[in-house]
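Beneath this line is the structure, given in structure tokens, with notes to follow.
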Amino acid sequence: MSTMQFQRRDSPILALLILMVQVGLPSRVAGAEPDGEFAIFVGAKICLTCHGRHGTEDRCFEKSEPKHARAFAKLETTNAEHIAALSGVLGSPTQSRLCLGCHSTGADEGARWMAATFHTEDGVQCEACHGAGGRHVDLFAGGARPDSSDLLYIEEGDPWRCAACHQEKRSHRDVVKNGFALTNEDRLYKTPVDLCVSQDGRQLYVANEHADSVSVVDVESGRVIAEIRVGRRPQSVVLSPDGSTVFVTCRMSDELYVIDVAKLSTSWKTATGRDPHGIALDPAGTHIFVANTGEDTVSVIDVTDRREIKRLATGRSPWALALSSDGSTVYVTSVRPRGGKFRDPPISEVAVIDSARAIVTKSLDIPDAHMMMGIDAVSVREAMIFTLVRAKNLVPLTRLQQGWTMTNGIGVLWEDGRVDQILLDLPNDAFADPMDVAVTPNGKLALVTGGGVDAVSVVDIAKLFAFVRSKSDNVRQHVLPNHLGSAEEFVTRRLPVGANPRGVAVGPNGQYAYCVNALDDSISVIDLAQLSTTRTILLGGPTSRSELRRGERLFHSAAGTFGRQFSCRSCHPDGHIDGLTFDIEADGLGLHPVDNRSLRGIADTMPFKWTGTNASLFDQCGPRLARFFTRRAPFSPDELLALVRYMRTIERTPNRYRKPTGLTVAQRRGKAIFERTVANDGRPIPLTGQCRFCHRGAHRTNEAKFKVGTAMWYDGDINVPSDFRRANEYGELGTYVFIDAGLPGAEFDVPHLQNLMESAPFLHNGAAATLEEIWTRFNMVDRHGQTGDLVRQQLNDLISYLKSL
Amino acid sequence: MFVPETSRPQRPTECGIGLLFIRTSVYDFGFDHKGRRGILALCTVRLKSVGSLFVAAALLHMGWLVFASDSAGRSDGGQPAVFPDDSDRPDAQRVRAGRVILDRTIVFAQQPILSTEVDGSIATRRGDIPRGGRIVSWNPTSTSRRPTNLTAGFDSVGGFDISFDGQRILFVGTRGDDPAPAVWEMDADGSSARLITRGVGACVDAIYLSTLYLLLDEEPRNRVAFLCRQDGSQAPALYTCHRDGSDLQQITFAPRGVRDPLLLSDGRLVFSMSSPSGANDAKNTLANESLFTIFPDGADLFPFAGVHEDHARRGMAAEIMNGQVIYVTSNGLDSLGGGSLVTVSTTRSLRSSRVLTEVRTGFYHSPAALSAAEILVSYRHKQANSYGVYAFDPQTALQRLIYDSPEWHELHAKVLRPRHAPAGRSSGVRTDTRTGQLFCLDAYRVGLDRRDPDMGKRIKWARVVAMRPKTMTDAARRATGMRAVPASHETARSPVVLGEVPVEPDGSFFLQVPAKTPLQLETLDGKGGSILAMNSWFWVMPGERRGCIGCHEDRELTPPNRSVSAFRRRPMIPKLGAAPVGGDRP
């Protein structure tokens, strides 16, 4: 007689005890780190001991149990791989918390909270709906009357709970019904994003973001002589001063890889901070500085010890680093502005690090600029040149003529700390998305890649400096940063290169420069004497363009915008955000400033726009985009499909606030608050006051719109009663409207909460600088969830949990 | 007097002896209109009258050589192209082989000399199409030296355009009993002419537009634009409609009209419109005209070239193949509006003008793209009667004759070939409103690098003036402080003060104004005295939200990234009498 047979016919308690003896008491098994406060997941087998087919509650299993149990197995199919790709999932769907959220049980809590009796492979189990049953089982096994108060019972009137997963997802429909499938090309593209040149100038080391590799290219023959596997999504490559080593940051795996040039293999690697991008080495090559874009720090790594020795605070989202010509200073640019007063002009920062002492000595404000993605030293003049974008996010986006939306240029950081900003745009012929800059060894030329315009601008540095210095202080401060046409004074040539040029490097003798064309899988070789592109080196990626690749090109190209002012990427670097709020024309001038939203993991999070106006990405990126942003002809249906599919594949980054083993105890407490149905005083919380009612499912959104009391002045043309305004005048920017109920324009899309912490500022208009402010400043009438009764520790726990999503 | 083609006296098909005169120098065989270098000039004289004998004798006296006789004669009097040795040119092979410049068909308008010389005047021709004109096509490589008349059956034709696929021609013409010139479309071989506009007024010129996308439209709109005078107005305006003539929309509202529309490759429409010049306008009888752009929906009026430059008429713009626009600037000496050629870059059009030719020797008219190195242009020597078609090299200012008929003006030559369709436009113009919005970010900004802080102490109000039909009584006008009507303005309309709004302390203001109406702005001090006033007119389209940085802003300056106070209110409707009355004008 098997155990299960015994369970059903005889005492369930006895059967449960036998099972526990066989597999060990759930709460005591290795691997589980329970906290007395919370139950652990025990698995369906334990539940079925009592609640089997003839048990006390069998409704769940009669029809749906077989399908639920097979849910995990579906993640192992080919279709699942395609769906995962269309959902921005990096890696296997069987390892993805997003996929496991509906295809398994307890994915949110993580392995730490699972007993040995629990198996993820069992798919959607009892505890997926009813909650972890460890305590319930403990009590039952201990002979006590089972306390079911911590278990969730599904009532007939709770279809919304099931709908969290049981709703059609476009990613699934695209694959299952529309036949979308990843192509071989999609798997084989290289997408080079940065490169460096060997000391003798004969080899190039190229970081291939999509291929997770570094290609070694022989310049003379134009052949790839080696491709070295590194971590996830390599970003920057730098050669050591002695030329023996190449350092590579990998932004998705938070690692620094070190490649032995002689052996053409990885010699060691070490962990960095979150989302590492730029690298710089001190003159001796003993310390490596790595910009951790995801956490606003720079890691200082000791090469000898091969470990990080300290982290330095920088501006928001540090990106590129460069060593001054005398080696004494490391300059760190940032791509997003620091948080400031609501709707104040953005200010980004350049951090100045003493390379010898590895300390931040200064932080320079760069007003009205962001997206400083490249920096290099002018060796003979003691100045730094960096790329920048000057957005017009505080001016209504009513027109594109004459640079009214986005301008692109460079900054000059002089030795005395003064910074000049000059545009590379011409009127109605912008230089969209300046990505990187490299200065020739003789300090005469600077090459700037224009990722959105497929070109390299060649800057005559002497002319640039003379031009800037010839201007009055007033002109340098107020005119040059905003003046189109200045580039004609110092840009010698705009060289056409391949699709989406990014990293650029100059050979040691200054004869040639090289830029990687990310979406061509190629390198353009630029003859600096002739100032022309002499040849193109192919890196071995597919030469054909898949649908996703076409979409990716559209996303990164400014060709679809009037005057080539910006691309989709201009506001969404790495598919993420630029940290700005914009005043879009559609909502009325000066009204409804909206926070930019990340595109990472955007699939299946409809509707779109903060007002939820657009039901799909096709609506979001179709005629409305053309009408209110690009002002050109909309994308054709084929282009739009390719673009939307590419956008869905933009990968989520790993959540760095979450331990690999799962939620911390504090986060688990926060989850309990997130899912609570009863307030601290014991009174039930209405359904619409519960966090999980709106923020449900794997994406934590019910794909609907609600009035949550976060409407503020300027949110649409709010018909505010005259008591609250003077003479047709709105209130102060960013102040809160208490009387939102019933007012038009006060309804907002329920945003998904994936990687929430990467998306600051928060709320529809970015008024909340931190998560805390959402509830402490902007939820005074408890309409955005019932949180008024939470004590400080509870709010901290809730926020800790939200960070883990 | 109108002379239909069928009744016009035909010249004999054989006219006896024709002499071809050539003038050369020892240096090379280029034709420099300025005579600065060795030249090759061609002139055909048909010995059919005493006058022509005198001309031939004069040419011989001046050192011209008789090169060949042309005894074959042609019914249209056209002259074949004969070219110098161009072995260094990219098309040298073609030139040597066939002694022709082009291997493609060109289309041009032929305008009888008599009709324009006798009763033509600038004012008349701006509103009327030349009588007896026709559109012809001619292929230099063909055996026939006679151009093909594409508009047989039409009494007269005006401006025309070739479709982007090179298959159709859009033109203005009159045919039959309807004297009002209308817009027609025909196949490129002249067949299948079909009427597009009917009863909309007197059309002058027509061009194809790129696709226009409106937010609520399921399908893009393929439209055409045409110049037209409606209701007896002397000021032609640009209109657009579908290719079937439906959905007529007026897109320019300049009080003195516009002319010479051109669609740029980036989707903007360039046209000529009167504007204040840098010189003293009072000394000039000729209207100063500069080039402006709008989008095909009529929105976003913006200066393009010639603004605040010397007093002249600028027009006939053409985009050529190296990112340049060439236009003609005229001082009124040529009755057809010909003048010198000026080039600007499409990017820095306000700062890059360069004069290519001068009018010492002759007049240029209606340039068009030809190749990367050359343009097509009509040219008439000062002493000559008619325009002929030339290939002109903007870099060297050398030109070569392609076709000339002494009895016709050959104008508006274009190569018949497909071209890239200019960029489409997604429009925010709406049909459900009659107003637009207007905002100024900083009225205290008075120059490129100057934001006058004293302005903040003085400017208190912004006044909106509209050009409207005269409907108010004189007393009402006086009461509202309406400005005087300039004598040069048409009398059917007059400027009317719509009202004033307060300027925010930071210099910003935000207005709601009537759409499709010529408007001007004026800043006032606290007593209602005028501080700065616009001299030119602009308009907004329904639903358009139009902004400016400040007064006298530099057109290459982007706005500073600042949130302004004016947006803390709803757009204000100008209120008549809001500002005090009685201030002095500066």
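Below, chains carry the letters A, B, ... as their sequence lines are ordered, and counting in each starts from 1.
Each of Asn393(A), Asp583(A), Thr407(A), Asp344(A) has some count of heavy-atom pairs under 4.5 Å with chain B, and the biggest count is that of Asn393(A). When each of Ala391(A), Gly563(A), Pro481(A) is checked for heavy-atom pairs under 4.5 Å with chain B, Ala391(A) comes out on top. Of the listed residues (Cys548(B), Gly267(B), Gly323(B), Ala566(B)), the greatest number of heavy-atom pairs within a distance under 4.5 Å of chain A belongs to Cys548(B).
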- So Asp425(A) and Arg564(A), salt bridge (charged side-chain N to carboxylate O under 4.0 Å, His left out) or not? Walk me through it. CA-CA 9 Å; Asp425(A) 298 331; Arg564(A) 303 199 299 175; over 6 Å; no
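Phe509(B) and Phe439(B) have their aromatic ring centers separated by at least 6.0 angstrom. Taking the six-membered ring where the residue is Trp, the centroids of Phe538(B) and Phe253(B) are separated by 6.0 Å or more. A distance of 6.0 Å or more separates the ring centres of Phe304(B) and Phe271(B).
Remark: the Ser508(B) side chain and the Asp506(B) side chain contain an N/O donor-acceptor pair separated by less than 3.5 Å. Counted by atom type alone, Asp429(A) and Thr347(B) present zero donor-acceptor pairs between their side chains at under 3.5 Å.
Looking at Gln477(A), neither its backbone nor its side chain comes within 4.5 Å of chain B, counting heavy atoms on both sides. Proximity to chain A (any heavy atom under 4.5 Å) is shown, for Arg546(B), by neither the backbone nor the side chain. With a 4.5 angstrom heavy-atom cutoff, Ser210(B) does not touch chain A via any of its atoms. Only the side chain of Leu441(B) comes within contact range of chain A, with at least one heavy atom under 4.5 Å from a heavy atom of that chain.
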